[in-house]
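Please read the structure below before turning to the comments.
No experiment lies behind these values; they were computed from the predicted model shown. Throughout, a chain's letter reflects where its sequence line sits, starting with A, and its residues are numbered from 1.
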Protein chains: 2
Amino acid sequence: MILKTNRKSLVEQVAEQIEQLIEQKHWKVGDKLPPEMELIEEFDVSRNTLREAVRALVHAGLLETKQGSGTIVRSTSALDAALKRHVKKSTMLETLEVRLALEKQAAQMAAERRTESDLIDLEVCINNCKEASAKKDLEQFISSDIQFHKTVVAASNNQLLIDLYENMTEVLFSFVQDFMTIEPLFPFEQGIHLELFKAIQKQNKESAAAYVENDMEVLKESIIKILKE
Amino acid sequence: MILKTNRKSLVEQVAEQIEQLIEQKHWKVGDKLPPEMELIEEFDVSRNTLREAVRALVHAGLLETKQGSGTIVRSTSALDAALKRHVKKSTMLETLEVRLALEKQAAQMAAERRTESDLIDLEVCINNCKEASAKKDLEQFISSDIQFHKTVVAASNNQLLIDLYENMTEVLFSFVQDFMTIEPLFPFEQGIHLELFKAIQKQNKESAAAYVENDMEVLKESIIKILKE
DNA sequence: CCGCATTTGTTCGTATGTATC
DNA sequence: GGATACATACGAACAAATGCG
């Protein structure tokens, strides 16, 4: 499960391994890490070495330590943590605009490169949305909606784009979620899903981009409305 | 210049201050930091404390220490470092595509929001390019060209977009630079500059986006050509 | 509320390796 | 090669916060 360290600085090695274990979801966000003593045995290093590795990850924003309590996972990756911190200084609208930029490009690339498998994945998402809409299950609808957008981006086949989009979406989601519980803004709209799907299916770059732009415009208006309250 | 530390962990405070000083360009990338003893006096902390702060920043990718030589600045921010590491795992084309997404959106937003001051800045960049072109000064031309693109993005007035674009450009630039010295690909092209400027001036979103797309397509072809060799 | 075990935080010392002059 | 300074890793002791019975 846990490899013995080899060369390089021991601290770096331990930190890297912990980072990987987090990225690989062995320890998920919110989870409490095993106490120092256990980790010392597993990694077979001294307490100081382990503590320094942990401290590095704390500074990077991946972990958070609490005296007497334990160490918990805060972010899934260094990029994630850095983006979170950075995005916090930005406004929601700025984040939204960047997300639009990424998704628009992704939709165009998806239209060019989509495989049959991508189309099947998208159809599954659309059906999930319909299902949630029929059941009036808002939570499922939102998560299915997000999944649909992510699947579009995934079809772009550009990992960097996918990772950046993931972060923009996460921040936006946690923001929207706070207000969604008070008053659901989305009346289970899903027309755009089908239109965008068709555009990607027909490999029509321009209209794919247009639908994303349209969808985003609606979301933007909603957020502006929320912010004004 | 350098504030005395207050509360929190001393290490965190020192690390934060160093981080800020780097972000504020007090120490630029490539610069060598003052020797430990000087920093100890300036921050008024113990050697161990300072060393730990430096180590945290090394792990974050902002600094690099070399025994006997000293510590040098590697990145301008944590986001920068995290993106660099992430981008390294991506291909050049993926980076280029993300850059296109960001710049296209930025150009559209610039067309909408540009101020008179933005237009003046852009004109300066264009003139610098012309000048470099006349002098056949490739280095100046490239840096002026990059400056022009950055100025377009800056006119979008979206700080998050600006910061992300900065990173995409940096990586791309260091890549292009390696091959540029061997054989200059760009025959000092600058037609696009003027066209894009006019589109932004006239606040024509669509044609601004189109010019960026066009420009990027040319760059993409060049890079594909390089990669094939 | 107290006392205790658990867990992280801090600081010291020591040994060994390594770069530089 | 020797001397010096620095880096790395380990260990131990004590402090402080937390949670539980």
- request: With the side chain of A/Leu10 defined as its heavy atoms from C-beta on, choose the nearest nucleotide among C/dG9, C/dT11, D/dA9.
  value: D/dA9

- prompt: Rounded to the Å, how far apart are B/His59 NE2 and D/dT8 P?
  reply: 13 Å

- prompt: Going from OG on B/Ser77 to CG on B/Leu83, what distance comes out if it is rounded to the nearest 0.5 angstrom?
  reply: 8.0 Å

query: B/Asp121 and B/Thr151: side-chain donor and acceptor closer than 3.5 Å?
result: no

query: Does OP1 or OP2 of D/dA7 have a side-chain N or O of A/Ser9 closer than 4.0 Å?
result: no

- prompt: Atom NZ of A/Lys32 and atom C1' of C/dT8: how far apart are they, to the nearest Å?
  reply: 12 Å

message: Could you tell me how far apart A/Gln67 (CD) and C/dT8 (P) are, to the nearest whole angstrom?
response: 10 Å

- prompt: A/Gly68 or A/Val11: which one's nearest nucleotide on DNA chain D is closer to the 5' end?
  reply: A/Val11

field: Residue pair B/Ser75 / B/Lys84, side-chain donor-acceptor N/O under 3.5 Å
entry: yes

task: Could you state the atom-to-atom distance from CD1 of A/Ile40 to C1' of C/dT7 in whole Å?
output: 11 Å

statement: Of B/Arg51 and A/Lys66, the one whose nearest nucleotide on DNA chain D sits closer to the 5' end is B/Arg51

- prompt: Rounded to the Å, how far apart are A/Met37 CE and D/dC10 P?
  reply: 13 Å

- prompt: Any side-chain N or O of A/Ser69 under 4.0 Å from OP1/OP2 of D/dT18?
  reply: no

query: Parallel, tilted or perpendicular: which fits the ring planes of B/His149 and B/His193, with parallel below 30° and perpendicular above 60°?
result: perpendicular

field: A/Leu63 CG - C/dT7 P separation (whole Å)
entry: 17 Å

message: By nearest atom, which of the nucleotides C/dT11, C/dT8, D/dT18 is closest to the A/Arg47 side chain?
response: C/dT8

field: Check against salt bridge (Lys or Arg N to Asp or Glu O under 4.0 Å), B/Arg113 and A/Glu97
entry: CA-CA 14 Å; B/Arg113 306 173 185 175; A/Glu97 285 167 351; 2.3 Å; yes

task: Let me know the distance between CD of A/Glu36 and C1' of D/dA12, rounded to the nearest Å.
output: 14 Å

field: Of the listed nucleotides D/dG11, C/dT8, D/dA7, the one nearest the side chain of A/Ser46
entry: D/dG11

message: Counting only side-chain heavy atoms from C-beta out, which of D/dT8, C/dT11, C/dT8 sits nearest to A/Thr65?
response: C/dT8

task: Please state how far atom CG in A/Leu50 lies from atom P in D/dG11, giving the value in whole angstrom units.
output: 13 Å

- prompt: The side chain of A/Asn48 lies closest to which of these nucleotides: D/dA9, D/dC10, C/dT8?
  reply: D/dC10

